[in-house]
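One structure below.
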Amino acid sequence: MQFHATSGAPARQKTDCAIVGIFEKQALSPAAAELDKASKGAISKVLAQGDISGKRGETLLLRHVAGLNCVRLILTGLGKQDEYDAHNHRRALAAAMKLVAATSSRDALSFLGWGPADKSEFQRIGRDTLLAAHTAVYRFTEMKSGRSERQPKLDSIGIGVPSRSAANAAQTGAEEGASIAAGMLLSQDLANLPANVCTPTYLATTAKKLARQHRNLRAEVFSEADMKRLKMGALLSVTRGTQEPAKLVVLHYKGAQSQAPVVLVGKGITFDAGGISLKPPQAMDEMKFDMSGAASVLGCMHAVASLKLPINLIVIVPTCENLPSGLATKPGDIVRSMSGKTIEILNTDAEGRLILCDALTYARRFKPSIVIDVATLTGACVIALGGHLTGLMSPDDQLAADLLAAGERIGDRAWRLPLSEEYHEGLKSNFADFANVGGREGGAITAGCFLSKFTEGMTWAHLDIAGTAWKSGAQKGSTGRPVPLLVEYLMERVR
Ligand code: BES
Ligand code: MN
Ligand code: ZN
């Protein structure tokens with residue numbers, strides 16, 4: 001996606017599609033008022049006809065409005081004028097971009113941020129415009145042979161703002177947005193690929209390619225034999241029933257001198273059939289998305305390296321399949337994790353925590369300042385929070401607050417769940433140090449508690465993205481979340 005910020009007069013700008021806002025009760029936004037003037041009241045006339053009221057999410061497409069230089073004009077509802085904030089701006093952007101993508105526009109120019117604001121706000125407006133455009137035009141077509149479906153033609157986006165200095169800020173934000181969008185794109189493509197293509201080996205190859213693409217980035221790939229040497233008994237127990245070789249991928253980005261790294265760990269189950277604790281068949285295809293945590297940390301790394309952030313970042317991806325077979329791990333089997341702790345595997349479908357616990361133990365050697373794992377870990381998290389907010393668990397109040405705030409700022413929100421001591425009880429085992437599952441109740445939390453047993457002494461947070469990483473139904477596909485949250489969190493550390 002090309003992009004540019006401009007402070008030229010709204011009515012003069014040439015574009016395939018201009019986007020302006022209308023507040024509730026049909027009040028013109030400042031840019032809409034400019035266009036109304038230039039078109040001798042054309043917008044006011046349309047409003048008088050009542051086709052759009054200004055409610056949040058409404059859109060109306062006009063063509064060839066006399067007096068304007070745009071081929072199309074989209075009016076977008078902004079909601080109540082005194083409530084217009086970043087959240088409503090993003091909602092309006094999403095609705096407008098979706099409509100732009102359904103037209104044949106090759107470029108569009110958004111005036112939804114044209115108004116009084118300070119520098120940091122214009123930067124955010126630039127960033128969010130790019131993210132909204134990306135989300136609206138993204139299609140996964142790699143596996144389609146024909147050109148049956150219409151592709152959005154939009155490949156250039158403008159951000160109209162009222163002054164030179166605002167344009168500079170918006171341009172900076174748009175550059176950030178473009179890098180974050182590129183990270184989301186990588187993440188979405190990986191997650192949308194089927195499990196017969198996106199294998200653990202494929203993820204490892206992708207990581208190596210990424211390392212070649214960026215300076216300061218280095219990839220290591222460990223085989224099952226390496227994992228055996230590292231005594232990763234928990235990780236290896238998950239891959240036992242499969243033919244595809246498991247991999248442990250480690251990416252090192254060095255953007256700063258001697259500084260403790262941030263480590264991101266992403267769950268990379270390329271297909272989760274449940275193992276011997278086999279899942280029911282309904283929607284089992286969606287378990288190809290069970291590597292979305294891995295995809296998101298790789299996408300985050302791509303964005304961070306593109307932005308050349310002055311930080312040290314390490315990404316760890318434990319990746320394998322979880323399938324039943326004659327060799328597969330059985331309920332009741334006891335394995336020894338890399339940490340030395342033994343685990344009774346009562347349910348082979350609770351496999352994510354088994355690969356993550358060894359990856360988290362491996363993270364210790366980097367003496368990280370922060371460790372964050374990202375995983376499609378529990379169906380219980382989907383029940384608790386649905387598809388809107390990511391589940392966040394951390395014993396560290398500061399880290400939890402920082403992640404929540406980053407999510408708010410970029411519109412990729414999370415919600416904190418507790419990890420208090422009561423919830424640990426369910427993980428007791430008569431035969432091993434603990435079991436890999438608690439009861440059904442509080443399932444997202446007991447999963448977090450399980451991971452916390454391996455992160456003692458580290459500043460750690462866990463993101464359960466089971467509900468937010470992909471959409472089901474007619475819109476089935478990866479969302480690219482939580483790439484924006486992660487990148488925004490890392491950017492804030494060096495602001
Ligand atoms: N990958 C699943 C979690 C999941 C389920 C994500 C549905 C998205 C939608 C995970 O490996 C799993 O199977 N978790 C079990 C844990 C249970 C056995 C304690 C679950 O949530 O049912
Ligand atoms: Mn599972
Ligand atoms: Zn899983």
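Because only heavy atoms are used, hydrogens play no part in the values below, and waters and symmetry mates are left out as well, while side chains stay in.
Within a 6.0 Å sphere centred on CZ of R416, other residues, nucleotides and ligands contribute more than 12 heavy atoms. Crowding of R139 atom CZ: a count of heavy atoms from other residues, nucleotides or ligands under 6.0 Å exceeding 12. Counting heavy-atom neighbours within 6.0 Å of Q213 CD, excluding the residue itself, gives a total above 12. Remark: Y423 OH is loosely packed, at most 12 non-hydrogen atoms of other residues, nucleotides or ligands lying under 6.0 Å away. Enclosure of atom CD in Q151 by more than 12 non-hydrogen atoms of other residues, nucleotides or ligands within 6.0 angstrom is indicated. The neighbour count for K471 NZ, taken as heavy atoms of other residues, nucleotides or ligands under 6.0 Å away, does not exceed 12.
In this structure, Y138 and L185 have side chains that are in contact, with non-hydrogen atoms separated by less than 4.5 Å. Inter-residue side-chain proximity for M491 and V304 is flagged as unmet; no heavy-atom pair is nearer than 4.5 Å. Looking only at side-chain heavy atoms (C-beta outward), V315 and V317 come within less than 4.5 Å of each other. Side-chain contact check for I74 versus L60: every heavy-atom pair is 4.5 Å or farther apart. Between M284 and F271, some side-chain heavy-atom pair lies under the 4.5 Å cut-off. Inter-residue side-chain proximity for L61 and R63 is flagged as met; some heavy-atom pair is nearer than 4.5 Å. A 4.5 Å side-chain heavy-atom check between V374 and P482 finds at least one atom pair inside the cut-off. Side chains of L203 and L190 form a contact here, defined as non-hydrogen atoms less than 4.5 Å apart.
Between the side chains of T468 and T390, at least one donor-acceptor pair of N or O atoms lies under 3.5 Å. Side-chain contact of Q171 with H4: a donor-acceptor pair under 3.5 Å is absent, judged by distance alone. For the residue pair H89/E121, the side-chain donor-acceptor check at 3.5 Å is not satisfied. A donor atom on one side chain and an acceptor atom on the other are found under 3.5 Å apart for E58 and S53. In this model, no donor atom of one side chain and acceptor atom of the other lie less than 3.5 Å apart for T459 and D396. When only modelled atom types and interatomic distance are considered, S472 and E286 share a side-chain donor-acceptor pair under 3.5 Å. D118 and S120 share a side-chain donor-acceptor pair at under 3.5 Å. For the residue pair N88 and R56, a side-chain donor N or O sits within less than 3.5 Å of a side-chain acceptor on the partner. In this structure, a donor-acceptor pair under 3.5 Å is absent between the side chains of N192 and S478.
Of all non-hydrogen atoms in L298 and L186, the two that sit nearest each other are O-CD2, 3.8 Å. Summarising the geometry of I465 relative to R481, their closest heavy-atom pair is CD1-O, 4.3 Å, with the distance given to 0.1 Å.
Across R124, Q123, R127, a single residue satisfies side-chain hydrogen bond (donor to acceptor under 3.5 Å, both in side chains) together with E176, and that is Q123.
Within the 3.5 Å criterion, the main-chain N or O of G266 finds no donor-acceptor partner in the side chain of D373.
Salt-bridge check for D402 with R493: failed, with every basic side-chain N at 4.0 Å or more from each acidic carboxylate O. In this structure, D16 does not pair ionically with R106, as no charged nitrogen and carboxylate oxygen lie closer than 4.0 Å.
For Y362, the ring-ring contact (aromatic ring centres under 6.0 Å, His included) partners at least two apart in sequence or on another chain are F222, F366.
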Inset, instruction - Tell me, with the steps shown, if T199 and V197 meet side-chain contact (heavy atoms from CB on, under 4.5 Å). - result: CA-CA 6 Å; T199 58; V197 176; over 6 Å; no
Legend entry - Step-by-step side-chain contact (heavy atoms from CB on, under 4.5 Å) determination, H388 to W415: CA-CA 10 Å; H388 301 296; W415 195 260; over 6 Å; no
Inset, instruction - Could you give me the CA-CA distance, side-chain angles and deciding distance for I355 and K267, then say whether side-chain contact (heavy atoms from CB on, under 4.5 Å) is met? - result: CA-CA 7 Å; I355 66 168; K267 172 179 172 182; 4.1 Å; yes
Inset, instruction - Check the pair T376 / D290 against side chain to side chain donor-acceptor pair (under 3.5 Å), numbers first and verdict last. - result: CA-CA 6 Å; T376 49; D290 211 19; 2.4 Å; yes
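Ring geometry for F23 versus Y84: interplanar angle over 60°, hence perpendicular rather than tilted (30 to 60°).
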